[in-house]
Asker: 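Please read through the structure below; I'll follow up with questions.
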Amino acid sequence: MAAFNLTPSDPSTFILMGIPGLEAAHIWISIPFSTFYIISLLANFTLLSVVGKEHTLHKPMYLLLCMLALTDIATPTLVVPKALGIFWFNLKGITLAGCLTQMFFLHMVSVMHSATLVTMAFDRYVAICNPLRYATILSNAQIAKLGLVCLIRAVLFILPLPVFMSQQSFCANHNIPHTQCNCATLYKMACGDITVIKIYTLMLLAVNLGFDLTLIALSYGLIIRTVLRISSKDAHEKALNTCTTHFCLMVIYYTRSIFPNLTYLFGLGIAPHVHVILDDLYLLIPPMLNPIIYGVRTKELRDKVGKYTCCKR
């Protein structure tokens, strides 16, 4: 295939190399990439469509699930099309503006996803611990307001990263050994002093994950205490089933968020191509699994999905 017309000397152009060391296998690697991406889109758009059509699902819990589905659509969409362009057509060029834009939206969507999980934990806390006031505390309008707050929070948290990096100069080697633009790689390529932005990134990671995980742990601690006091076995099982579903989603997300950072910090012996593959899989697999897990474990949603996807006799 003809290579993309790159100008490495242009300071505004970077070259995404794909998966270093596995260039010959790019075509084969693209098969699971595109398969996971298509399944993810189908699953999440199905969920959005079913919730949109079924008025009985217009409840805070399912609206939050739709917010989660939107982030699960956005996350791989920000990475997979460009990665497939590299794998299939050798389109490796990306401008500095494009690189910073991808980095901004990837991190912004991730923070938005985390905030949505916190809101879901609060939703379950109110539903189980204070059910009589649930409709008052968490109406659909309140969920919309919380969603807007989550979005503003994510933008304000992440915006300083691309703004600061846009002011930096980058060294002569503009090759990025990855399928995507990420903070760790751009920081290594910067020629100037980026100590401030590195400290901000670590603080952002600690505050975002630490604060969100603390709120989730607090919510589920109170939920567990309330569930243990429930005498009805059916109510006990229903509450635990709902919490287990949410817990699965959170484990998938926070493993995806924390583990890559730990491997970059401490996994010095891990081969570069393994880093890249793991990074991409963390962006591909959770968005594919989330709607499937929720659809399988939530009877009301499962029945509605079956109503629209199964053939009627």
Side-chain angles (χ1 to χ4, degrees), residues 40-77 105 108-155 157 208 211-213 215-216 218-220 222-223 238-254 286-309:
S40 175
L41 291 182
L42 288 175
N44 283 288
F45 275 119
T46 298
L47 189 152
L48 290 171
S49 176
V50 170
V51 173
K53 290 178 180 178
E54 282 292 334
H55 292 287
T56 57
L57 297 181
H58 291 180
K59 304 173 184 177
M61 182 175 75
Y62 294 107
L63 295 182
L64 287 170
L65 191 58
C66 287
M67 289 170 56
L68 206 65
L70 289 173
T71 64
D72 283 339
I73 290 170
T75 299
T77 300
F105 279 106
M108 186 269 286
V109 170
S110 180
V111 173
M112 181 72 182
H113 192 114
S114 181
T116 303
L117 290 177
V118 173
T119 309
M120 292 175 76
F122 178 65
D123 169 79
R124 290 301 86 199
Y125 161 73
V126 177
I128 294 172
C129 300
N130 204 348
L132 296 179
R133 297 185 59 196
Y134 179 82
T136 304
I137 297 174
L138 281 176
S139 62
N140 289 349
Q142 291 293 344
I143 292 298
K145 292 177 182 177
L146 286 172
L148 181 60
V149 170
C150 292
L151 178 61
I152 294 172
R153 168 189 183 247
V155 171
F157 273 16
N208 181 46
F211 182 71
D212 288 359
L213 282 172
L215 290 179
I216 290 172
L218 179 62
S219 296
Y220 276 89
L222 295 172
I223 288 171
K238 183 178 179 180
L240 283 178
N241 183 62
T242 304
C243 292
T244 302
T245 304
H246 284 84
F247 185 75
C248 290
L249 300 183
M250 291 170 193
V251 168
I252 290 173
Y253 170 76
Y254 286 109
M288 178 181 67
L289 293 180
N290 287 343
I292 296 173
I293 290 173
Y294 215 97
V296 168
R297 294 192 59 86
T298 308
K299 185 178 185 304
E300 186 177 12
L301 180 59
R302 185 171 67 245
D303 291 344
K304 299 301 181 183
V305 170
K307 172 183 174 182
Y308 289 98
T309 58

Asker: Would you indicate whether the side-chain heavy atoms of Thr46 and Val50 approach each other to under 4.5 Å?
Answerer: yes

Asker: Using atom types as modelled and distance alone, determine if a side-chain donor or acceptor of Thr75 lies under 3.5 Å from a backbone N or O of Asp72.
Answerer: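 Not at all, since once roles are kept as given, no pair shorter than 3.5 Å links the two residues.
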
Asker: Hey, could you give me the CE/CG distance between Met288 and Leu42, rounded to the nearest 0.5 Å?
Answerer: 12.0 Å

Asker: How long is the gap from CG on Leu68 to OH on Tyr62, to the nearest 0.5 Å?
Answerer: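 Reported value, rounded in 0.5 Å steps: 14.0 Å.
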
Asker: Could you list the donor-acceptor pairs under 3.5 angstrom formed by side chains in residues 135-155, with sequence neighbours left out?
Answerer:
from   : atom 1 : to     : atom 2 : distance (Å)
Ser139 : OG     : Gln142 : N      : 3.3
Asn140 : ND2    : His58  : O      : 3.1
Arg153 : NH2    : Asn208 : OD1    : 3.1
Arg153 : NH2    : Asp212 : OD1    : 2.8
Arg153 : NH2    : Asp212 : OD2    : 3.3

Asker: Working note: Leu48 + Ile73, criterion side-chain contact (heavy atoms from CB on, under 4.5 Å); need CA distance, chi angles, decisive distance, verdict.
Answerer: CA-CA 11 Å; Leu48 290 171; Ile73 290 170; 3.7 Å; yes

Asker: With heavy-atom distances below 4.5 Å as the criterion, would you say the side chains of Met120 and Met67 are in contact?
Answerer: no

Asker: Verify, without hydrogens or angle tests, whether Ser49 (side chain) and Phe45 (backbone) share a donor-acceptor contact under 3.5 angstrom.
Answerer: no

Asker: Identify, with sequence neighbours excluded, every residue that meets side-chain hydrogen bond (donor to acceptor under 3.5 Å, both in side chains) alongside Tyr134.
Answerer: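 Listed in chain order: Asp123.
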
Asker: To the nearest 0.5 Å, tell me how far Phe105 CZ sits from Thr77 OG1.
Answerer: 12.5 Å

Asker: Using a 3.5 Å distance criterion without hydrogens, assess whether the side chain of Thr119 forms a donor-acceptor pair with backbone atoms of Ala115.
Answerer: yes

Asker: Does atom CZ of Phe157 have more than 12 heavy-atom neighbours, drawn from other residues, nucleotides or ligands, at distances under 6.0 Å?
Answerer: yes

Asker: Which heavy atom of Cys129 sits nearest to which heavy atom of Leu222, and what is that distance?
Answerer: SG-O, 3.7 Å

Asker: Measure the shortest side-chain to side-chain distance between Leu301 and Leu65 over non-hydrogen atoms and say whether it is less than 4.5 angstrom.
Answerer: yes

Asker: Scan Val51, Leu57, Thr116 and name whichever one has a side chain to side chain contact (heavy atoms under 4.5 Å, CB included) with Cys66.
Answerer: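 With Cys66 as partner, side chain to side chain contact (heavy atoms under 4.5 Å, CB included) holds for just one option, Val51.
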
Asker: To the nearest 0.5 Å, tell me how far Ser114 OG sits from Ile216 CD1.
Answerer: 6.0 Å

Asker: Output the distance between atom CG (Asn44) and atom OG1 (Thr71), rounded to the nearest 0.5 Å.
Answerer: 8.0 Å

